[in-house]
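Just so you know, these numbers use all the heavy atoms, side chains as well, and skip hydrogens, waters and symmetry mates.
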Amino acid sequence: MLIFTEIKSLQQEIKSLKNGTTIGFVPTMGALHEGHLSLVEKSKKENDIVIVSIFVNPTQFDNADDLINYPKTIEKDLSLLESFNCDIAFTPTPEEIYADEIQSQSFDFDGLEFQMEGKFRAGHFNGVGTIVERLFKVVKPHKAYFGEKDFQQIQIIRKMVEKKKLPVQIISCPIHREKDGLAMSSRNIRLTKEQRAAAPFIYETLKEAKIKFGTNNASEVLNWVENEFKNHPLFTLEYFEIADEDTLLPVETKSPSKKYRAFIAVFAGKVRLIDNISL
Ligand code: PAF
């Protein structure tokens with residue numbers, strides 16, 4: 001596996017590839033887990049070469065502590081990628097990506113950015129748009145792979161690709177879960193033993209909400225979920241929302257022709273966990 005930290009040398013390598021070589025790209029912020037590795041595997045199957053970036057993007061963090069505490073396990077990540085036959089790892093510094101101005105651009109995602117995560121993480125999606133567009137321009141992938149745990153992020157990236165006519169196909173991949181149902185996330189390693197043991201409660205609640213949505217309206221389900229979390233000793237609910245998968249707008253009246261998804265964000269102490277389920 002080749003490892004590049006500089007854009008210039010990565011681009012030289014990409015230029016030297018045989019004409020017609022297809023590139024699959026998996027952008028990550030490191031602290032890799034099975035979810036990321038499943039994206040690498042899928043990308044490997046569907047393309048001639050796979051490039052994985054590891055970059056903890058400062059502009060998508062609305063909270064300085066969260067950025068400082070974001071897990072960083074670069075040596076372990078690189079050996080995992082090597083063992084999954086990744087062809088190229090790209091591990092730039094913030095200066096390499098942003099030069100001397102660590103700042104995001106402003107994007108218009110047709111309102112997708114104002115829902116859910118956008119309400120609670122100021123500037124988050126401008127940061128995501130900035131880094132993903134930058135990486136797409138450097139790597140020039142044919143296909144890019146993203147996990148559905150960040151479903152809103154996928155919809156936002158699709159919107160950016162459509163609006164900016166970027167020549168890349170976005171592939172969304174199902175959420176990878178631990179055996180007990182907890183959605184895999186780099187942040188899970190920050191949970192205490194007690195929080196980790198209790199964390200399947202989040203997915204259990206989503207599954208129950210899905211059943212309830214069959215016979216109840218969205219606000220009844222919402223009230224039920226809020227109640228479930230009200231007196232929870234370890235978790236604080238930030239939001240629960242049932243939204244249209246395409247517009248991400250909260251559902252008002254259920255329509256059989258639309259696809260809905262329930263989204264949740266929960267704090268376990270200072271660790272913020274998100275999850276979602278198709279309804
Ligand atoms: O999902 C992530 O890990 C990040 O938001 C991404 C897409 C790598 C951009 O920094």
Quiz item: Under 3.5 Å, side chain of Thr73 to main-chain N/O of Lys76, donor-acceptor pair present?
Solution: no
Quiz item: Can you check whether Trp224 reaches Glu208 side chain to side chain, under 4.5 Å on heavy atoms?
Solution: yes
Quiz item: Is any side-chain N of the basic residue among Lys119 and Glu238 closer than 4.0 Å to the acidic one's carboxylate O?
Solution: no
Quiz item: Shared ILVMFWY cluster between Phe267 and Val225, side chains joined below 4.5 angstrom?
Solution: no
Practice problem: Please say whether more than 12 non-hydrogen atoms of neighbouring residues, nucleotides or ligands are located less than 6.0 Å from CD in Glu95. | Solution: yes
Quiz item: So if you build clusters from Ile, Leu, Val, Met, Phe, Trp, Tyr with side-chain heavy-atom gaps below 4.5 Å, do Leu81 and Phe146 land together?
Solution: no
Quiz item: Would you call Lys212-Glu220 a salt bridge at under 4.0 Å N-O?
Solution: no
Self-check item: Value rounded to 0.5 Å, distance of OG in Ser185 from CZ in Arg272
Solution: 11.0 Å
Exercise. Report the C-alpha distance between Ser255 and Tyr260 in whole Å, list the side-chain angles of each, state the deciding distance to 0.1 Å, and finish with yes or no for side-chain contact (heavy atoms from CB on, under 4.5 Å).
Key: CA-CA 9 Å; Ser255 150; Tyr260 299 108; 3.8 Å; yes
Quiz prompt | Asp246/Arg158 under salt bridge (Lys or Arg N to Asp or Glu O under 4.0 Å): CA gap, chis, key distance, verdict | solution = CA-CA 11 Å; Asp246 296 323; Arg158 284 191 199 285; over 6 Å; no
Quiz item: If only atom types and distance count, is the side chain of Asn188 paired as donor or acceptor with the main-chain N or O of Leu273 below 3.5 Å?
Solution: no
Exercise. Measure across Ile274 and Ala265 and return the closest heavy-atom pair with its distance rounded to 0.1 Å.
Key: CG2-CB, 3.8 Å
Exercise. State whether the side chain of Asn216 and the backbone N or O of Val221 hold a donor-acceptor pair below 3.5 Å, judged by distance alone.
Key: no
Quiz item: Side-chain heavy atoms under 4.5 angstrom apart, residues restricted to Ile, Leu, Val, Met, Phe, Trp, Tyr: same cluster for Val40 and Phe25?
Solution: no
Exercise. Check Gln155 against Leu112 and note the closest heavy-atom contact, atom names and distance.
Key: O-CD1, 3.6 Å
Exercise. Taking the side chain as every heavy atom from C-beta outward, state whether Phe55 and Thr91 have any pair of such atoms under 4.5 Å apart.
Key: no
Quiz item: What's the spacing between Ile277 CD1 and Ile264 CD1 if we round to 0.5 Å?
Solution: 10.5 Å
Self-check item: Check against salt bridge (Lys or Arg N to Asp or Glu O under 4.0 Å), Asp108 and Lys159
Solution: CA-CA 9 Å; Asp108 172 4; Lys159 180 64 75 180; over 6 Å; no
Quiz item: Who are the side-chain hydrogen bond (donor to acceptor under 3.5 Å, both in side chains) partners of Tyr203, not counting sequence neighbours?
Solution: none
Self-check item: Under-4.0 Å salt bridge between Lys230 and Glu226
Solution: no
Exercise. Report yes if some heavy atom in the side chain of Val138 is under 4.5 Å from a heavy atom in the side chain of Gln11; otherwise report no.
Key: yes
Exercise. Might you work through the side-chain contact (heavy atoms from CB on, under 4.5 Å) test for Met160 and Leu166, ending with a clear yes or no?
Key: CA-CA 8 Å; Met160 177 180 78; Leu166 303 176; 4.2 Å; yes
Practice problem: Determine whether the aromatic ring centres of Tyr70 and Phe61 lie less than 6.0 Å apart. | Solution: yes
Quiz prompt | Atom pair CZ (Phe125) and CD (Gln60), whose distance is rounded to the nearest 0.5 Å | solution = 9.5 Å
Quiz item: Is the gap between the ring centers of Phe240 and Phe263 under 6.0 Å?
Solution: no
Quiz item: Heavy-atom count around Glu194 CD within 6.0 Å, excluding the residue itself: above 12?
Solution: no
Exercise. Check for a donor-acceptor pair, side chain of Thr130 on one end and backbone N or O of Asn126 on the other, with a separation under 3.5 Å.
Key: yes
Quiz item: Roughly how far, to the nearest 0.5 Å, is CE of Met29 from CG of Asp77?
Solution: 12.0 Å
Quiz item: With distance as the sole test, does Asp180 use its side chain to make a donor-acceptor pair with the main-chain N or O of Pro200 at under 3.5 Å?
Solution: no
Quiz prompt | 4.5 Å side-chain heavy-atom contact, Ile54 and Phe90 | solution = no
Quiz item: Any salt bridge between Asp48 and Lys18, counting N to O under 4.0 Å?
Solution: no
Quiz item: Is there a side-chain contact between Asn276 and Ile175, using heavy atoms and a 4.5 Å cut-off?
Solution: yes
Exercise. Determine yes or no for a side-chain-to-main-chain donor-acceptor pair under 3.5 angstrom, with His124 supplying the side chain and Arg121 the backbone.
Key: no
Quiz item: Below 4.5 Å, heavy atoms only, C-beta onward: do Glu46 and Thr22 meet side chain to side chain?
Solution: no
Quiz item: Do Arg177 and Leu182 have side-chain heavy atoms sitting under 4.5 Å apart?
Solution: no
Self-check item: Residues Glu133, Lys137: salt bridge by 4.0 Å N-O rule
Solution: yes
Quiz item: Are Ile14 and Ile51 close enough that some pair of their side-chain heavy atoms sits under 4.5 Å apart?
Solution: yes
Practice problem: Indicate yes or no: does Glu204 engage Lys207 in a salt bridge with an N to O separation below 4.0 Å. | Solution: yes
Quiz item: So among Leu78, Ile88, Asp87, which one has a side-chain contact (heavy atoms from CB on, under 4.5 Å) with Met1?
Solution: Leu78
Self-check item: Nearest non-hydrogen partners of Ala31 and Ser186, listed with the distance
Solution: O-OG, 3.1 Å
Exercise. State the OG-CZ distance between Ser278 and Phe151, to the nearest 0.5 angstrom.
Key: 8.0 Å
Self-check item: Gap separating the CG atom of Leu206 from the CD1 atom of Ile211, nearest 0.5 angstrom
Solution: 11.5 Å
Quiz prompt | Which atom of Gln115 lies closest to which atom of Pro250, heavy atoms considered | solution = OE1-CD, 3.7 Å
Quiz item: Where do Ala268 and Leu191 come nearest, in terms of heavy atoms and distance?
Solution: CB-CD2, 3.7 Å
Quiz item: Is it true that Lys149 and Asp275 have a side-chain N and a carboxylate O under 4.0 angstrom from each other?
Solution: no
Quiz item: Between Thr59 and Tyr98, does a side chain to side chain donor-acceptor pair (under 3.5 Å) hold up when you go through it step by step?
Solution: CA-CA 10 Å; Thr59 63; Tyr98 287 103; 2.8 Å; yes
Exercise. May I ask you to say whether Asp244 pairs ionically with Arg261, meaning some side-chain N is under 4.0 Å from a carboxylate O?
Key: no
Quiz item: Taking atom CD of Glu34 as the centre, does the number of heavy atoms from other residues, nucleotides or ligands within less than 6.0 Å exceed 12?
Solution: no
Quiz item: Does a salt bridge link Glu96 with Arg134, judged by any charged N lying under 4.0 Å from a carboxylate O?
Solution: no
Quiz item: Should Val168 and Val50 be counted in the same cluster of Ile, Leu, Val, Met, Phe, Trp and Tyr side chains packed under 4.5 Å apart?
Solution: no
Quiz item: With no hydrogens and no angle check, is any side-chain donor or acceptor of Glu13 less than 3.5 Å from a backbone partner on Leu10?
Solution: no
Quiz prompt | Residues, nucleotides or ligands: over 12 heavy atoms within 6.0 Å of Lys254 NZ | solution = yes
Practice problem: Say whether, by atom type as modelled, one donor and one acceptor occur between the side chain of Lys72 and the main chain of Ile68 under 3.5 angstrom. | Solution: yes
Quiz item: Do the side chain of Asn217 and the main chain of Ser219 share a donor and acceptor less than 3.5 angstrom apart?
Solution: yes
Quiz item: Looking at Ser172 and Glu148, what are the two nearest heavy atoms and their distance?
Solution: OG-OE2, 3.3 Å
Quiz item: So, the side chain of Asn63 versus the backbone of Asp66: is there a donor-acceptor pair under 3.5 Å, distance only?
Solution: yes
Quiz item: Any link between Leu32 and Leu135 through a network of hydrophobic side chains (Ile, Leu, Val, Met, Phe, Trp, Tyr) touching at under 4.5 Å?
Solution: no
